[in-house]
Amino acid sequence: MTVTTTAATLYTCDETRWQAVRDRDARADGHFCYVVTTTGVYSRPSCTVRLALRENVRFFPTPEDARAEGYRPCRRCCPDDSGRHAAAAEAVARACGIIDEAPLPPSLDELARKVGYSRFHFHRLFKSFTGITPHAYLAAARARRVREALPLSGTIADAVYSSGFGSGGHFYAAAPEILGMTPKAYRAGGDGTDIRYTVAGSSLGPVLVAVTDKGVCGVLTGDEGPALLLRLRTMFRQARLVPADEDFAAAVDVAVREAEPPQLGRELPLRIRRSAFAVRMRRTVPTVVVPAGQPGPGRGPRPGVPACTPPA
């Protein structure tokens, strides 16, 4: 009861309401809505729409109050549809669970039917909540399975077919994007590979991005920076790990901002949001074509971050 009372009284003045809108604070959703008078639209405090000028903003205790004065709801954050929003989030989460657990990739029609939507509506809904398409999430789940299977399976072929790939050709064509190196090198813990890495901050916590001269070989989340680096060392025991130069680190910071999860999907389980975030990061991270350990003019590892070499 104390928590509810505190939350309810936190947004009773326009100063704290405006700060919540500026911060896109999801904790303020349901306590008030705001109107941009120049557009006639009311929104949730957490709405990701471009921030309006303060003099053009009014606050209302409820969407009903805003509607009573003739304002219309935002089509991006749907301030009137909290129940429908929760149902849609549950459907997307259920679809992700089906994809993650299915031994063979389900079709879009099958997924949509299982969660109670039409194919077209489900595709649009899924992307609006996760920032990626169902197909991209499915491909990422298959890629994750093959990355886990490669070091453990008897052969590369065993790992490929057990992960849901229909043919070896399909896998090898996608291998640079999935692994960032050859399957043989990946199985051998990155043997003979130079890997550059950097850790950036995101709304989901620290994210470690690792690249080779062939592509992205790792997007790790879920831990603090030192633990993420330990995971990278465990994955690629035989690789040479080199802290990325400042230019690459800055580019990754930009990529993180572009890949941030949609605000609409903030109620999805953290595991799903991190998986979708990793997919977007792999698409947006630039691979700077400079061999690891050989920085170009004016480039070099960030001060105080030692390079890691494989054991002798």
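Atom set for the values below is all heavy atoms of this structure, side chains included, hydrogens, waters and symmetry mates excluded.
Between Cys77 and Ser46 the shortest side-chain heavy-atom distance does not fall below 4.5 Å. Within the 4.5 Å cutoff, no side-chain heavy atoms of Leu208 are placed close to those of Asp223. At a threshold of 4.5 Å between non-hydrogen side-chain atoms, the residues Phe236 and Thr193 do not count as touching. Asp29 places a side-chain heavy atom less than 4.5 Å from the side chain of Arg266. Contact annotation: the side chain of Val211 never approaches that of Ile195 to less than 4.5 Å [non-hydrogen atoms, C-beta and beyond]. Looking at Pro206 and Leu228, their side chains come closer than 4.5 Å, going by heavy atoms from C-beta outward. For the pair Leu152/Glu148, no side-chain contact is recorded, criterion being any heavy-atom separation below 4.5 Å from C-beta on. For the pair Cys74 and Cys47, the minimum side-chain heavy-atom distance is below 4.5 Å.
No more than 12 heavy atoms of other residues, nucleotides or ligands sit less than 6.0 Å from atom CZ of Arg75. Within 6.0 Å of the CD atom in Glu110, the count of heavy atoms belonging to other residues, nucleotides or ligands exceeds 12. Enclosure of atom CD in Glu15 is not indicated, since only 12 or fewer non-hydrogen atoms of other residues, nucleotides or ligands lie within 6.0 angstrom. The environment of Glu55 atom CD is dense: over 12 non-hydrogen atoms of other residues, nucleotides or ligands sit within 6.0 angstrom.
Contact record, Pro79 with Pro63: O-CG, 3.9 Å, taken as the closest heavy-atom pair. Across Ser153 and Arg187, no two heavy atoms sit closer than the pair O-NH1, 3.0 Å. Closest approach of Ile99 and Pro134 over heavy atoms only: CD1-O, 4.2 Å. Of all heavy-atom pairs spanning Ala159 and Ser163, the tightest one is O-OG, 2.6 Å. Of all heavy-atom pairs spanning Val252 and Met281, the tightest one is CG1-CE, 4.3 Å. For Thr182 against Lys214, the heavy-atom pair with the smallest separation is CG2-CE, 4.4 Å.
Checked by atom type and distance alone, the side chain of Arg231 pairs as donor or acceptor with a backbone atom of Thr221 at under 3.5 Å. No side-chain donor-acceptor contact under 3.5 Å links Arg274 to the backbone of Arg271. Put simply, the side chain of Arg24 gets close to the backbone of Val49: a donor and an acceptor are under 3.5 Å apart.
Checking Phe120, Phe122, Phe126 one by one against Leu108, the side chain to side chain contact (heavy atoms under 4.5 Å, CB included) holds for a single residue, Phe122. Here the rule is salt bridge (Lys or Arg N to Asp or Glu O under 4.0 Å) with Asp100, and of Arg94, Arg145, Arg144 only Arg144 fits it.
The list of side-chain hydrogen bond (donor to acceptor under 3.5 Å, both in side chains) pairs with a residue in residues 115-130, not counting sequence neighbours, reads Asp109-Arg119.
Between atom CG of residue Asp245 and atom OG1 of residue Thr198 there is a gap of 9.0 Å, rounded to the nearest 0.5 Å. Atom OH of residue Tyr161 and atom CD1 of residue Ile156 lie 12.0 Å apart, to the nearest 0.5 angstrom. A distance of 13.5 Å separates CD1 in Ile178 from SG in Cys217, rounded to the nearest 0.5 Å. Considering OG1 of Thr62 and CG of Asp65, their distance stands at 3.5 Å, rounded to 0.5 Å. Atom CD1 of Ile272 and atom OH of Tyr137 lie 5.0 Å apart (nearest 0.5 Å). The distance from the OH atom of Tyr172 to the OG atom of Ser167 is 11.0 Å, given to the nearest 0.5 Å.
By the criterion of side-chain heavy atoms lying less than 4.5 angstrom apart, applied directly or through intervening Ile, Leu, Val, Met, Phe, Trp or Tyr residues, Phe60 is not grouped with Val57; the two fall into different hydrophobic clusters. Both Trp18 and Tyr34 sit in one connected hydrophobic cluster of ILVMFWY residues. Membership requires side-chain heavy atoms under 4.5 Å apart, directly or through other members. Note on Ile98: it clusters hydrophobically with Phe129, by side-chain heavy-atom contacts below 4.5 Å among ILVMFWY residues. Residues Val209 and Val254 do not share a hydrophobic cluster, defined by chaining ILVMFWY side chains whose heavy atoms lie under 4.5 Å apart. Val21 and Val41 fall into different hydrophobic clusters, defined by Ile, Leu, Val, Met, Phe, Trp and Tyr side-chain heavy atoms under 4.5 Å apart, directly or through other members.
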(request) Decide side chain to side chain contact (heavy atoms under 4.5 Å, CB included) for His31 and Thr12; before the verdict, give the C-alpha distance in whole Å, the side-chain angles of both, and the deciding distance to 0.1 Å. (result) CA-CA 9 Å; His31 295 291; Thr12 53; over 6 Å; no
(request) Tell me, with the steps shown, if Phe277 and Val207 meet side chain to side chain contact (heavy atoms under 4.5 Å, CB included). (result) CA-CA 10 Å; Phe277 174 69; Val207 53; 3.9 Å; yes
(message) Could you go through Phe171 and Val146, starting from their C-alpha distance and side-chain angles, then the distance that decides it, and tell me whether this counts as side chain to side chain contact (heavy atoms under 4.5 Å, CB included)?
(response) CA-CA 9 Å; Phe171 166 71; Val146 80; 3.8 Å; yes
(message) Does Leu125 form a side chain to side chain contact (heavy atoms under 4.5 Å, CB included) with Val92? I'd like the steps, not just the answer.
(response) CA-CA 8 Å; Leu125 190 74; Val92 171; 4.3 Å; yes
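Between Glu260 and Arg280 there is no salt bridge, since no side-chain N of the basic residue sits under 4.0 Å from a carboxylate O of the acidic one. The pair Arg240-Asp191 does not count as a salt bridge, with every side-chain nitrogen at least 4.0 angstrom from each carboxylate oxygen.
Inspection of the Arg58 and Tyr42 side chains reveals no N or O donor paired with an N or O acceptor under 3.5 Å. For the 3.5 Å distance criterion, the side chains of Glu258 and Thr284 fail to qualify, holding no donor opposite an acceptor.
Ring centers of Phe59 and Tyr11: at least 6.0 Å apart, outside the cut-off.
Judged by the 6.0 Å distance and 45° axis criteria, Arg17 is positioned over the aromatic ring of Phe32.
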